[in-house]
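Contents: one structure, followed by commentary.
Worth saying up front: this structure is predicted, and the values here are computed from it rather than measured. Atoms within a ligand are numbered from 1 in the order they appear, just like the ligands themselves.
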Amino acid sequence: MASSPPYAGRRALITGASAGLGAEFARQLARAGAELVLVARRPEALEAIAAPLRASGSVVHCLTADLSLRDEVSALVERVEALGPVDLLVNNAGAGGPALLGPAPLSEQLRYLELMMLSVTQLCHAFAPAMAARGWGRILNVASVAGRIGRAGDGHYGPAKAYVIALSEALHLDLCHRGVHVTALCPGFTHTDFHAEGELAAMKAKLPKFLWYDAATVVGEGLSALERNRAVYLSGRLYRWLDPFLQSVWVRPWLRVPARPG
Ligand SMILES: NC(=O)c1ccc[n+]([C@@H]2O[C@H](COP(=O)([O-])OP(=O)(O)OC[C@H]3O[C@@H](n4cnc5c(N)ncnc54)[C@H](OP(=O)(O)O)[C@@H]3O)[C@@H](O)[C@H]2O)c1
């Protein structure tokens with residue numbers, strides 16, 4: 001007798017599902033039997049991801065929200081709660097952003113941190129307690145290898161991801177014996193839309209190809225780590241091998257994010 005897919009009957013909320021890793025999380029979780037709630041700012045892009053999944057028999061809801069605006073995150077929580085319980089939460093939405101010592105006004109910098117840190121916190125706050133009360137849940141927070149290393153020129157992206165890792169580790173310790181798995185997934189360079197434009201595209205063009213992984217590998221490794229209840233997981237053998245070197249105080253002064261205009 002064929003066994004049912006591992007997440008059959010489970011509802012998964014995925015942020016940043018209109019592109020890249022989030023779209024791949026949607027595809028893999030749909031294959032695993034989950035009902036999906038996809039979130040991003042662009043409704044047409046969300047629908048383009050949802051359409052083939054619905055055609056394959058998945059139930060998919062698309063909700064638009066700008067997660068850098070706290071009121072929109074609160075409204076999103078209400079809309080999701082109206083659909084029913086969330087069993088899996090994938091906090092994936094993210095972007096490159098302004099630098100702390102760059103010319104962007106403070107208001108823009110703080111809004112960026114709303115997206116990268118506080119929306120993750122707010123969604124964990126909204127859904128983790130109910131998962132623990134039901135005795136089953138999965139939370140995967142997409143961080144980054146950048147969150148593992150302090151680098152000159154890296155305020156705010158790396159520090160925001162370091163917060164996501166620390167938050168995930170603490171939540172993992174709180175919830176690991178209550179049926180709720182919490183994992184911070186730390187990808188290295190991954191082929192998505194993240195480096196599609198501007199200075200990030202220029203940076204990508206200069207980097208060697210062996211540093212890059214595809215989204216399907218990163219997401220597959222992340223979901224596997226989540227099932228194994230790993231607190232922090234670096235995707236990609238190369239990055240797992242590099243991590244101890246990147247932690248060294250002797251190596252860090254040599255790492256620097258290229259100067260950015262904003
Ligand atoms: N690609 C890499 O090399 C890499 C490496 C390490 C970590 N990561 C992390 O992986 C995650 C996914 O990134 P990706 O590589 O898949 O990039 P991507 O292809 O650019 O996708 C980013 C997703 O986030 C959504 N998003 C961006 N700003 C948002 C906002 N204010 N409100 C709601 N949704 C927003 C985008 O949707 P809309 O534009 O429709 O809103 C899109 O769906 C991010 O957290 C990123 O930091 C990426």
Side-chain angles (χ1 to χ4, degrees), residues 13-28 36-50 62-77 80 89-98 108 110-120 122-123 140-149 151 154 156-165 167-168 183-198 200-201 203-204 207 209 211-219 221-222 232-236 238-239 242-243 246 257:
L13 171 63
I14 307 168
T15 69
S18 62
L21 290 171
E24 184 58 28
F25 274 113
R27 287 188 281 269
Q28 294 197 21
L36 304 179
V37 184
L38 307 183
V39 177
R41 289 168 301 180
R42 293 169 297 151
E44 314 79 27
L46 280 178
E47 288 298 335
I49 302 300
C62 294
L63 301 179
T64 52
D66 184 336
L67 300 176
S68 69
L69 298 172
R70 206 176 297 176
D71 288 349
E72 292 207 17
V73 183
S74 303
L76 172 70
V77 169
V80 173
L89 169 62
V90 181
N91 277 309
N92 164 77
E108 187 186 320
L110 295 180
R111 187 170 163 184
Y112 178 66
L113 296 179
E114 289 277 349
L115 167 68
M116 301 299 282
M117 296 165 60
L118 294 188
S119 74
V120 176
Q122 204 172 338
L123 293 176
L140 191 149
N141 294 327
V142 180
S144 172
V145 168
R148 308 269 303 164
I149 46 177
R151 294 173 298 171
D154 192 19
H156 297 291
Y157 184 81
K161 292 301 194 184
Y163 168 78
V164 170
I165 294 169
L167 175 75
S168 305
T183 298
L185 172 64
C186 301
F189 291 118
T190 310
H191 294 294
T192 65
D193 292 353
F194 194 93
H195 303 90
E197 290 173 3
L200 291 175
M203 182 194 81
K204 182 172 185 175
L207 288 172
K209 293 201 170 20
L211 290 176
W212 293 81
Y213 284 80
D214 61 80
T217 302
V218 171
V219 168
E221 287 192 10
V232 180
Y233 191 77
L234 278 82
S235 58
L238 172 70
Y239 291 102
L242 278 176
D243 189 58
L246 297 176
V257 173

With under 30° as parallel and over 60° as perpendicular, where do the rings of F189 and H195 fit, or are they tilted in between? perpendicular
Per-ligand residue contacts, ligand 1, heavy-atom threshold under 4.0 Å: G16, A17, S18, A19, G20, L21, A40, R41, R42, A65, D66, L67, S68, N92, A93, G94, L115, V142, A143, S144, Y157, K161, P187, G188, F189, T190, T192, D193, F194, H195
Who passes side chain to side chain donor-acceptor pair (under 3.5 Å) against Y213, sequence neighbours left out? none
Approximate separation, where rounding is to 0.5 Å, of I14 CD1 and L140 CG: 10.0 Å
Are D66 and R111 packed together at the side-chain level, in the sense that at least one heavy-atom pair is separated by less than 4.5 angstrom? yes
Nearest heavy-atom contact between Q122 and S74 is NE2-OG, 3.0 Å
Could you check whether any side-chain heavy atom of R148 comes within less than 4.5 Å of a side-chain heavy atom of L246, counting everything from C-beta outward? no
